[in-house]
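To start, the structure itself, in structure tokens.
Naming convention: chains lettered A, B, ... in sequence-line order (proteins, then strands); numbering from 1 in each chain. Basis for what follows: all heavy atoms, side chains included, without hydrogens, waters or symmetry-related copies.
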There are 2 protein chains.
Amino acid sequence: MTSETTPALAEDTALVGFQEHDHENCVDSALAIAESRCKDEGLRLTPVRRKVLEMLLQEHRALGAYAILDRLREAGFGSQPPVAYRALDFLVDNGFVHKIERLNAFVACAHPGATHSPAFMICRKCDAVAEAHSAPAKGALGAAARAVGFEIERTVVEAEGVCPDCTEKA
Amino acid sequence: MTSETTPALAEDTALVGFQEHDHENCVDSALAIAESRCKDEGLRLTPVRRKVLEMLLQEHRALGAYAILDRLREAGFGSQPPVAYRALDFLVDNGFVHKIERLNAFVACAHPGATHSPAFMICRKCDAVAEAHSAPAKGALGAAARAVGFEIERTVVEAEGVCPDCTEKA
DNA sequence: GGCATACATGATATGGAATAACATGACAAG
DNA sequence: CTTGTCATGTTATTCCATATCATGTATGCC
Ligand SMILES: [Zn+2]
Ligand SMILES: [Zn+2]
Ligand SMILES: [Zn+2]
Ligand SMILES: [Zn+2]
């Protein structure tokens, strides 16, 4: 794994997921970015953690914790729930992976590097997940929060619907 | 075996939108609206369903399915999971109750009557939940969806943070 | 009335998500 | 070498959710 893969970060900031792309490169570069960021920030991207991130990057879909666990077992890692949840906690806390609350499942971040407040589009037919940016404090919710004095720390924004591919097929 | 761990939120701080209000009346009127709407639309607000709605209206907090189940048992109804989940399905499908994905729990709708796309503010300290309106297709997410041809059918918008009461106490 | 249909309820069993609690191993300071 | 920290591993348990089959109950038609 040369860390020389350049930040070929999908430049259409919005949406990896519903678009064809060079997936090999996509996975490799995301892993490279993760390794580089961990080095910079003194985080330890251990084998289990790296493996989980790699699994999630391979799919552009959300995987449940037990699907992840199955693959960890196959790869020779521990196979008890905490093994997966701890790796996921690390990856989520550090912004490499997001949890999709609607699905109780996890997806690799499509815009690693910068901290951001993600929004997701989830296809209910094929389970594809695309990540966009959300503007949490702006809009109706932000206004309502300011009006009552609620301090927003984090937002969950998830849209459920049908992706372009599945719409086309129908 | 009961799964109730509630730290007894001070009773009279019951709040809709984090504001004090006449809670007796709030519950009664919401039940009346539900009954009237069910009559109009030919829906059957049966005893279990009514009881679950009433429970959720009493709290302005989200209750987990098993907390609901415990109370159903106490009230003499069936105590197996499907009993609660079926009642909840009915109430959610018809807009009387919303599911809070972040908590895997349920809360009574604060704006019954009109169909709407809710947004929630969840206090991570006291677990209070307030409901606001969201503008799903407007804003950054709507734009991203239109850009790729994703058809939004439903959105989950949940903000986590600290409510005015808890901010004040700190 | 007798009967078909739809719908609501009930109970059993199982699967999937998440965490608590405890033990072990690796490793870097001191 | 000892100590503290962090990561991993295992066991056990709890909570969330659904599939399945059985039973009851109302309604409308014959
Ligand atoms: Zn990719
Ligand atoms: Zn699709
Ligand atoms: Zn509502
Ligand atoms: Zn609070």
* Calculate the interatomic distance between Phe106(A) atom CZ and dG16(C) atom P; express it in whole Å. => 16 Å
* How long is the line joining CD of Glu101(A) and C1' of dA17(D), in whole Å? -> 16 Å
* For the pair made of CZ in Arg102(A) and P in dA17(D), what is the distance, rounded to whole Å? -> 10 Å
* Structure fact -> Counting primed atoms, P, OP1 and OP2 as sugar-phosphate and everything else as base, the B/S/- map of nucleotides 6-15 of chain C against protein heavy atoms under 4.0 Å is -SSBBBB---
* Joint hydrophobic cluster, Phe106(A) plus Leu45(A), side-chain heavy atoms closer than 4.5 Å -> yes
* To do: Considering non-hydrogen atoms only, spot the tightest contact between Ala132(B) and Ala144(A) and give its length.
  => CB-CB, 3.9 Å
* Asked: Heavy-atom count around Glu41(A) CD within 6.0 Å, excluding the residue itself: above 12?
  -> yes
* To do: Look at the side-chain N and O atoms of Tyr85(B) and state whether any lies under 4.0 Å from the OP1 or OP2 oxygen of dT18(D).
  => no
* Asked: Is the backbone of Ile122(A) close enough, under 3.5 Å, to the side chain of Arg102(A) for a donor and an acceptor to pair up by distance?
  -> no
* Using a cut-off of strictly less than 4.0 Å, decide whether Lys51(A) has a side-chain nitrogen or oxygen near OP1 or OP2 of dT8(D). => no
* Would a hydrophobic clustering, with Ile, Leu, Val, Met, Phe, Trp and Tyr connected at side-chain separations under 4.5 Å, put Met121(B) with Val156(A)? -> no
* Structure fact -> Closest heavy-atom pair, Arg49(A) versus Arg44(A), reported as atoms and distance to 0.1 Å, is NH1-O, 2.7 Å
* To do: Have a look at the helix from dG1(C)-dC30(D) to dG30(C)-dC1(D) and give the angle its two end axes make, five pairs each, rounded to 10 degrees.
  => 10°
* **Nearest non-hydrogen partners of Ala62(B) and Val129(B), listed with the distance** => N-CG2, 4.1 Å
* To do: Let me know the distance between CD1 of Ile100(B) and P of dC16(D), rounded to the nearest Å.
  => 14 Å
* Could you give the CG-to-P distance, from Leu45(A) to dC6(D), as a whole number of Å? -> 17 Å
* To do: Could you check how far CD of Glu41(A) sits from P of dC6(D), rounded to whole Å?
  => 16 Å
* Short N-O contact, Arg86(B) and Asp89(B), less than 4.0 angstrom -> no
* Asked: Whole Å only: how far is the CZ atom of Arg50(A) from the P atom of dT8(D)?
  -> 14 Å
* Asked: At under 4.0 Å, does any side-chain N or O of Asn104(A) touch on OP1 or OP2 of dA18(C)?
  -> yes
* Lys/Arg-Asp/Glu bridge criterion (N-O < 4.0 Å) met for Arg37(B), Asp40(B) -> no
* Rounded interatomic separation in angstrom, taking CG from Leu103(B) and P from dC15(D) -> 15 Å
